[in-house]
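Let me begin by presenting the structure, written as structure tokens, before commenting on it.
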Amino acid sequence: QVQLVESGGGLVQAGGSLRLSCAASLRTFSSHAMGWFRQAPGKEREFVAVISRTGTYTNYVDSVKGRFTISRDNAKNTVNLQMNSLKPEDTAVYYCGAKFSTRDAAYYLSRRDYDYWGQGTQVTVSS
């Protein structure tokens with residue numbers, strides 16, 4: 001059974017930093033692109049960042065470019081999201097997703113692209 005478990009969320013003041021982690025029980029982790037999405041109350045789940053199978057390629061939503069960095073460790077089956085200069089509008093539940101991919105690509109921007117999801121971790125940024 002595939003499990004994705006997010007951790008690292010919490011309450012932080014505006015301008016602060018958090019590092020989210022996602023541990024995956026995927027036997028073929030290195031064959032999956034990994035993405036981070038977020039969902040604020042009353043809104044749809046939106047794309048935040050994605051990283052290709054090898055980590056060579058990444059993609060970000062414009063609102064987080066220059067502030068967030070996605071990375072992965074295929075030896076440990078983990079993907080991370082370093083979030084700096086956090087803003088109140090970053091407040092949301094953050095979800096990790098896994099997408100089986102035959103290509104080393106980072107163009108999976110839709111939640112419908114993903115095969116597996118974690119349960120999410122809450123990030124709250126106070127002003």
Side-chain angles (χ1 to χ4, degrees):
Q1 184 177 356
V2 174
Q3 277 193 317
L4 303 179
V5 180
E6 302 95 336
S7 62
L11 173 63
V12 64
Q13 288 189 334
S17 298
L18 283 174
R19 183 177 177 85
L20 305 184
S21 292
C22 173
S25 64
L26 273 168
R27 186 168 52 87
T28 55
F29 180 77
S30 60
S31 296
H32 288 73
M34 299 298 295
W36 285 97
F37 285 68
R38 65 187 178 188
Q39 187 167 15
K43 295 188 177 182
E44 292 190 352
R45 190 174 300 189
E46 66 168 359
F47 166 77
V48 176
V50 60
I51 189 166
S52 67
R53 302 186 315 176
T54 65
T56 301
Y57 304 104
T58 59
N59 210 340
Y60 299 89
V61 67
D62 286 347
S63 60
V64 308
K65 284 180 181 178
R67 300 189 297 124
F68 290 12
T69 302
I70 189 170
S71 62
R72 66 188 295 159
D73 185 336
N74 284 351
K76 296 181 179 179
N77 280 24
T78 58
V79 60
N80 301 303
L81 185 69
Q82 178 66 43
M83 306 187 296
N84 299 328
S85 303
L86 282 161
K87 304 175 181 181
E89 51 263 43
D90 295 318
T91 295
V93 177
Y94 282 70
Y95 297 90
C96 167
K99 162 62 181 174
F100 178 77
S101 176
T102 58
R103 296 185 175 186
D104 190 28
Y107 46 58
Y108 304 106
L109 310 188
S110 170
R111 65 183 188 273
R112 295 173 182 83
D113 291 331
Y114 289 76
D115 303 308
Y116 307 104
W117 292 99
Q119 293 300 306
T121 186
Q122 176 70 47
V123 171
T124 303
V125 184
S126 64
S127 57

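Numbers here simply count residues along the sequence, with the first being 1.
- I70 and V5 are not part of a single hydrophobic cluster, where members link through side-chain heavy atoms under 4.5 Å apart.
- When all heavy atoms of A98 and H32 are compared, the closest pair comes out as CB-CD2, 4.0 Å.
- Side-chain N or O atoms of R67 include one that pairs as donor or acceptor with a backbone N or O of S85 at under 3.5 Å.
- S127 places no side-chain N or O within donor-acceptor distance of the main-chain N or O of P88, the cut-off being under 3.5 Å.
- For the residue pair T78 / D73, no side-chain donor-acceptor distance below 3.5 Å is found, with atom types taken as modelled.
- The only member of N80, L81, T58 that meets side chain to side chain contact (heavy atoms under 4.5 Å, CB included) when paired with I51 is T58.
- Taking both residues in full, the closest heavy atoms of M83 and L20 are given as CE-CG, 3.7 Å, listed atom of the first, atom of the second, then distance.
- Here the closest heavy-atom approach between residue V50 and residue A33 is recorded as CG2-CB, 4.4 Å.
- One distance of note links OG of S63 with CD of E46; it measures 6.0 Å at 0.5 Å rounding.
- Taking each heavy atom of S30 and R53 in turn, the nearest pair found is O-CB, 3.2 Å.
- The CG atom of D113 sits 9.5 Å away from atom OH of Y107, with the distance rounded to the nearest 0.5 Å.
- In plain terms, the two heavy atoms of A40 and A92 that are nearest each other are N-CB, 3.8 Å.
- Placement of L4 and F100 in two distinct hydrophobic clusters is found when ILVMFWY residues are connected by side-chain heavy-atom separations under 4.5 Å, directly or transitively.
- Counted by atom type alone, Q82 and N84 present one or more donor-acceptor pairs between their side chains at under 3.5 Å.
- Annotation: the span from S52 atom OG to M34 atom CE amounts to 12.0 Å, rounded to 0.5 Å.
- Around the CD atom of Q119, the shell of radius 6.0 Å holds no more than 12 heavy atoms that belong to other residues, nucleotides or ligands.
- Annotation: cation-pi pair R111/Y95 absent, no NZ/CZ under 6.0 Å from the ring centroid and within 45° of its normal.
- Follow the hydrophobic side-chain contacts under 4.5 Å out from Y57 and you never reach V61; the two are in separate clusters.
- Side chains of L18 and F68 form no contact here, defined as non-hydrogen atoms less than 4.5 Å apart.
- Using a cutoff of 4.0 Å between basic side-chain nitrogens and carboxylate oxygens, K65 and D62 are scored as salt-bridged.
- Counting only residues at least two apart or in different chains, disulfide bond (SG atoms under 2.5 Å apart) contacts with residues 21-53 comprise C22-C96.
- Under a hydrophobic clustering in which Ile, Leu, Val, Met, Phe, Trp and Tyr are joined whenever their side-chain heavy atoms come within less than 4.5 Å, directly or via other members, V93 and L11 fall into different clusters.
- Note that OH of Y60 is 9.0 Å distant from CZ of F47, once rounded to the nearest 0.5 Å.
- The six-membered or imidazole ring of F37 lies near that of W117, with a centre-to-centre distance under 6.0 Å.
- Here the closest heavy-atom approach between residue T54 and residue T56 is recorded as OG1-OG1, 2.7 Å.
- Below 30°, between 30° and 60°, or above 60°: for Y114 and Y108 the angle between ring planes is above 60°, a perpendicular geometry.
- One distance of note links CD of Q122 with CD of Q39; it measures 11.0 Å at 0.5 Å rounding.
- K99 places none of its side-chain heavy atoms less than 4.5 Å from the side chain of S110.
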